[in-house]
Amino acid sequence: MSPLSERIQDYLPLLLTGLWQTVAVTALALVLASALGLLWSIMRSSGSRWLELPARYVVEFLRGIPILVVLFYIYFVMPELGLDLTAFQAGVIGLALTYSCYIGETFRGGIEAVDKGQVEAAKSIGMKHGKMMRRIVLPQAFRIALPPYGNNVVMLLKDSSQVSVISVAELTMQGKMLASSTFDNMTVFTMVAALYLCLTIPLNFLMRRVELKMGAAK
Amino acid sequence: MIRFENVHKSFGKHEVLKGITAEVDKGQVVCLIGASGSGKSTLLRCVNGLEDYQSGNILIDGERVDAHAASIHNIRTRVAMVFQRFNLFPHMTALQNVMEGPVQVLGEDKAEVRARAEEHLRRVGLADKMNFYPSALSGGQQQRVAIARALAMRPEAILLDEPTSALDPEMVGEVLSVLRDLAEEHMTMLIVTHEIQFAREVASNVFFLDKGLIAEHGAAKDVLVRPQNARTQEFLRRVTHPV
Ligand SMILES: Nc1ncnc2c1ncn2[C@@H]1O[C@H](COP(=O)(O)OP(=O)(O)OP(=O)(O)O)[C@@H](O)[C@H]1O
Ligand SMILES: [Mg+2]
């Protein structure tokens, strides 16, 4: 076998393309999941049964299905229903749907934790529900929801490795292929783990910084 | 201007207001007194629809308050509320708190509202705190901001629920003195309070609430100085000479 440093240099380009895919899948899924999660949480705290119930059922439903099954369903079943998706697209959608539930629950927890006195104060100056949510409740709810939201982001990043099962060439997938062609499991998977840590450690650090800053501005 | 006609309110099976009939006239300062649990807060909250009521009428200049009707938003802009625990918006400065209603709800011109809001804050003695967040203000200062926030709506009346009872004793005075000024300007106010001395000074009228009914009401000097009702007498004896 060639020396370690050489092997690392050999493997790195391929793993970096995988890393890039991981970042892309995660980022896109995060944006979608956050938007959907916000929607679910707003529907569930709207006070209208016609909005509350559908959101509740969607969330209960999605939360009860393993993420792998969601991915298989979107990638393999959707085409049969006439919706052709690339593996990348299916991966983003599957992750986004699953995580919209977690993120939605996180936001909802934040909304519910806002002091009831805030709602009363907003009402007492004549605010209607929509404006009250936008200007008074949500800004405070986001602040409360930020730490668990940060956890969701890190978990989503790690769970993005699941999309390897539908052959998205992200970091885990690249690692697996590289390992099976070189039999150098130890080096390859150590590198894969290290590359994940290169993302998650700064992310954790960033989240803590933002939290501190928001806590100070309060 | 605020008229109660046989108002009944229950929480589930528990009847809290058992037929309230009374009236607050324009320019009056009415203090609402009574033992804990007698329904003072509930009555106040019914006036601006933070609670609904089951029967009877609450009328604001003839317009019926209905917590479930679309008209409630408009009524709330006419009758402001000050809370025991201030309830300032923590993510906004004092000035932004005061400007929020007029700009966002009434849709008034921002520059104009700002000038007015600054004036209100100056009047409650907070000229130098306008850009502070609530967390950087003392309780007394926060409550004065809350009063300025209410005033900025240019309400026809203000409801205040124990505005000083969450304050440290040394801050009670600064808030009461703001209310005293408002009373002198004949701002219509309905104030739930345990400050009998303050009520004696500023109230034109007093309602004594006992177990969901107004047991006695009338001019402040009569009710507070020469109460007729035995329960009022007992209540006043208890709060003015605490054991
Ligand atoms: N949201 C609610 N649900 C159920 N019961 C309530 C609710 N709010 C108040 N009550 C009950 O109604 C009664 C009157 O309460 P209220 O808060 O109006 O009294 P209060 O006169 O303001 O008392 P205090 O001086 O302690 O503030 C009490 O028995 C209270 O337990
Ligand atoms: Mg009360």
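Labels below follow one simple rule: chain letters A, B, ... track the order of the sequence lines, proteins then strands, and each chain is numbered from 1. Quick caveat, the model's predicted, so the values are computed rather than measured. We use all heavy atoms of the structure for the numbers below, so side chains are in, but hydrogens, waters and symmetry mates are not.
- Other residues, nucleotides and ligands contribute more than 12 heavy atoms inside 6.0 Å of the CZ atom of F76(A).
- Both the backbone and the side chain of Q118(A) come within contact range of chain B, each with at least one heavy atom under 4.5 Å from a heavy atom of that chain.
- Of the atoms belonging to K131(A), it is side-chain heavy atoms, and not backbone ones, that fall under 4.5 Å from chain B.
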Begin with the C-alpha distance, continue with both residues' side-chain angles, and end with the deciding distance and a verdict on side chain to side chain contact (heavy atoms under 4.5 Å, CB included) for K123(A) and M81(B).
CA-CA 10 Å; K123(A) 282 183 178 170; M81(B) 179 128 184; over 6 Å; no
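- The local environment of CZ in R56(A) is sparse, with at most 12 non-hydrogen atoms from other residues, nucleotides or ligands closer than 6.0 Å.
- Taking 4.5 Å as the limit, some side-chain heavy atom of R85(B) sits within range of a side-chain heavy atom of D115(A).
- Within a 6.0 Å radius of CZ in R116(B), other residues, nucleotides and ligands contribute more than 12 heavy atoms.
- The candidate from L50(B), N74(B), I72(B), I75(B) with the greatest count of non-hydrogen atom pairs under 4.5 Å with chain A is L50(B).
- For the pair I125(A) and Q104(B), the minimum side-chain heavy-atom distance is 4.5 Å or more.
- V82(B) does not touch chain A: none of its heavy atoms, backbone or side chain, sits under 4.5 Å away.
- Considering only residues two or more places apart in sequence or on other chains, F132(B) meets the ring pair (Phe, Tyr, Trp, His ring centres under 6.0 Å) condition with none of them.
- In F205(A), the CZ atom is not crowded: 12 or fewer heavy atoms of neighbouring residues, nucleotides or ligands sit closer than 6.0 Å.
- Side-chain contact between R76(B) and S124(A) is absent, with no heavy-atom pair separated by less than 4.5 Å.
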Could you go through the side chain to side chain contact (heavy atoms under 4.5 Å, CB included) check for M92(B) and R135(A) one step at a time?
CA-CA 10 Å; M92(B) 298 182 190; R135(A) 296 203 45 95; 4.1 Å; yes
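- Proximity to chain A (any heavy atom under 4.5 Å) is restricted, for F83(B), to the side chain, taken from C-beta onward.
- Heavy atoms closer than 4.5 Å to chain A are found nowhere in L159(B), neither backbone nor side chain.
- The number of heavy atoms from other shown groups lying within 6.0 Å of CZ (R114(B)) does not exceed 12.
- Only the side chain of R45(B) comes within less than 4.5 Å of a heavy atom in chain A; its backbone stays farther off.
- Across all their heavy atoms, I136(A) and E100(B) have their closest contact at CD1-OE2, 4.2 Å.
- Residues satisfying the ring pair (Phe, Tyr, Trp, His ring centres under 6.0 Å) test with F86(B), not counting sequence neighbours, are none.
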